[in-house]
Asks: 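This is the structure I want to talk about, given as structure tokens.
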Amino acid sequence: MANLIIESWRPVRLILDEIGPFRQGQEIFEFDGVSEDGSRVPANLYMLLARNGRGKTTALEAIYGLFGMMADPPVGRFMDVRTGGRAQLDIRVVWSLGSSRQSAVLSLWTGSDDPMGSWTEDALAAIDADVWERLHLSPRDAGVRASRGSTEGAQRLFDEIASERGRDPSLLYGGSQTLPTVLYFPADRRIVAPIEERAVKKPAKWGYQPAQMFSSDGPDWDDSIDNLLIWLEWVEDGRIEDLLTFLNEQLFADVSGKVIRRPRRHDLATYVSNVTGEHTLVGLSHGERALLQLHARTLCHMTSSTILLIDELENHLHPRWAQRLFASLKEIVSRSAMLSVIFTTHSMGLMETFRDDVAEPGVVKGGYLIEDSMV
């Protein structure tokens, strides 16, 4: 099968209906922002602001669930028929297969026979797209299939994803994989030290999947950030040095003498040194470990076409650490042309820092207030 080459990948719209708190009619999220020249374009850093219970998490779970239907095994809320609901995600994509190159809107949907929202020629032209591709995902006893209404280009994407699942990444920042993935960090991101016997072992969830969730870290060795760093030390391809350089810049740039060292092979552990000595990763503060996990998982598991979802960005973090995470996300986005970050918050302080009216190189910010007022 000829490879589908993706040149541009950016979510533009999410439509939800009869799902979670959105049961009184459709809720539409337009993922647009303002570019440096002042024009409206798809955002690559998008904030959903609302109090708890207003649907922030539902929106992220819907995006994760749509791509999760193509994972092996399928994951996400749409695999449980009892949850019901309809969802459609529209993505502006530029891709090519052989000599054929398309600028398109790709609609992924589930829960209804027909798409919830259509794209006219004028609507396509407004975002510089020529074709409307459609992928109708339907759960079946034997798995998930591309159902009636799917178009040829979308079917090729579905088939390519199925053929590439499980392939190991070999570069950071998604440099070795181009097919789309969704990385979802739910609100519960507790960090627990591993309790199992340490071993040189490929981390869980290491191979490519179109959707992966990273919640609590540990206590199983397979799921721990400790294991991830040990594994990268053993593969000896340069990723461990590059990853630790980025982590140390983001975590300890303003802390004199504090640094995460390369893992030690004799005891299969990673140490942090500072002016008073050294300790293992367990000795990091909860905020430091939370940022370590989020950054390391993102850089290692992302592809070049990634949607990164973070629920309640400020969770488990002191306000200072939340601000640092926000700054580092802007750094990653500016370095990765096809990475889009969608995060939720109910922090008014973070909203003030977000400043979607201030242009920044490589970053297109957008946001949505789910309710009319925040108190």
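None of these values were measured; they are calculated from a predicted model. Quick note: residue numbers are just sequence positions, from 1.
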Asks: Short question: side chain of K365, backbone of M47 - any donor-acceptor pair under 3.5 Å?
Replies: no
Asks: Within a strict 4.5 Å, meaning less than it, do heavy atoms of the D128 and R92 side chains meet?
Replies: yes
Asks: Out of R239, R265, R264, which one pairs with E233 under the salt bridge (charged side-chain N to carboxylate O under 4.0 Å, His left out) rule?
Replies: R265
Asks: Which atoms form the tightest heavy-atom contact between S334 and P361, and what is the distance?
Replies: CB-O, 3.9 Å
Asks: Counting heavy atoms not belonging to R167, are there more than 12 under 6.0 Å from its CZ?
Replies: no
Asks: If you group Ile, Leu, Val, Met, Phe, Trp and Tyr by side-chain heavy-atom gaps below 4.5 Å, do F158 and Y64 land in one group?
Replies: yes
Asks: Treating Ile, Leu, Val, Met, Phe, Trp and Tyr as nodes and any side-chain heavy-atom pair under 4.5 angstrom as an edge, say whether Y271 and L229 lie in one connected cluster.
Replies: no
Asks: Under 3.5 Å, side chain of Y184 to main-chain N/O of D311, donor-acceptor pair present?
Replies: no
Asks: With W231, which residues qualify under side chain to side chain donor-acceptor pair (under 3.5 Å), at least two apart?
Replies: none
Asks: Out of curiosity, M302 CE to S304 OG, how far, rounded to the nearest 0.5 Å?
Replies: 8.0 Å
Asks: In this structure, would L244 and L294 fall into the same cluster of hydrophobic residues linked by side-chain contacts under 4.5 Å?
Replies: yes
Asks: With rounding to the nearest 0.5 Å, note down the distance linking CD1 in I91 to CD1 in I307.
Replies: 4.5 Å
Asks: Donor-acceptor check, side chain of E27 to backbone of F22, threshold 3.5 angstrom: yes or no?
Replies: no
Asks: Indicate yes or no for a side-chain donor-acceptor contact from T110 to the backbone of L137 under 3.5 Å, with no hydrogens or angles considered.
Replies: yes
Asks: Measuring only between side-chain heavy atoms, which start at C-beta, is I63 closer than 4.5 Å to P11?
Replies: no
Asks: Can you find a heavy atom in the side chain of I342 that is under 4.5 Å from one in the side chain of L60?
Replies: yes
Asks: Any idea which heavy atoms bring K56 and L48 closest together, and the distance?
Replies: CD-O, 3.8 Å
Asks: For E312, is there an ion pair with R189 - N to carboxylate O distance below 4.0 angstrom?
Replies: no
Asks: Are E160 and R156 close enough for a salt bridge, meaning some N to O gap below 4.0 Å?
Replies: no
Asks: Under 3.5 Å, is there a donor-acceptor pair between the side chain of S305 and the main chain of L179?
Replies: no
Asks: Do N248 side-chain atoms and V259 backbone N/O form a donor-acceptor pair below 3.5 Å?
Replies: no
Asks: Is the backbone N or O of Y208 less than 3.5 Å from a side-chain atom of T181, with the two atoms forming a donor-acceptor pair by type?
Replies: no
Asks: Can a donor-acceptor pair be found, under 3.5 Å and without considering hydrogens, that links the side chain of R86 to the backbone of S112?
Replies: no
Asks: Locate the shortest heavy-atom distance separating N227 from A199; write the atom from each residue and the value.
Replies: OD1-O, 4.0 Å
Asks: Closest approach of D90 and S107, non-hydrogen atoms and distance?
Replies: OD1-OG, 2.5 Å
Asks: Which atoms form the tightest heavy-atom contact between Q293 and S216, and what is the distance?
Replies: NE2-C, 4.3 Å
Asks: Side chains of T345 and E314: do they bring a donor and an acceptor to under 3.5 Å?
Replies: yes
Asks: Picking from F185, Y173, F246, what satisfies ring-ring contact (aromatic ring centres under 6.0 Å, His included) with H295?
Replies: F246
Asks: Got I225 and R297 here, is their nearest side-chain heavy-atom distance under 4.5 Å?
Replies: yes
Asks: So, does R165 use its side chain to make a donor-acceptor pair with the main chain of P210 at under 3.5 Å?
Replies: no
Asks: Identify which one of D114, L108, T151 satisfies the side-chain contact (heavy atoms from CB on, under 4.5 Å) criterion when paired with R134.
Replies: T151
Asks: Check the hydrophobic clustering (I, L, V, M, F, W, Y; side-chain heavy atoms under 4.5 Å; chains of links allowed) and say if I127 and L14 are grouped together.
Replies: no
Asks: Report yes if the side chains of V200 and L268 come closer than 4.5 Å at any heavy-atom pair, otherwise no.
Replies: yes
Asks: Quick one: do K258 and E288 make a salt bridge, cutoff under 4.0 Å?
Replies: yes
Asks: Is the backbone N or O of L325 less than 3.5 Å from a side-chain atom of Q250, with the two atoms forming a donor-acceptor pair by type?
Replies: no
Asks: Would you mind reporting whether H301 and P169 have side-chain heavy atoms less than 4.5 Å apart?
Replies: no
Asks: How close do P219 and V192 get, counting heavy atoms only, and between which atoms?
Replies: CB-CG1, 3.8 Å
Asks: Should the pair E278-R261 be classified as a salt bridge under the 4.0 Å nitrogen-to-oxygen rule?
Replies: no
Asks: Are L171 and V333 grouped together when hydrophobic residues (ILVMFWY) are joined by side-chain heavy atoms under 4.5 angstrom apart?
Replies: no
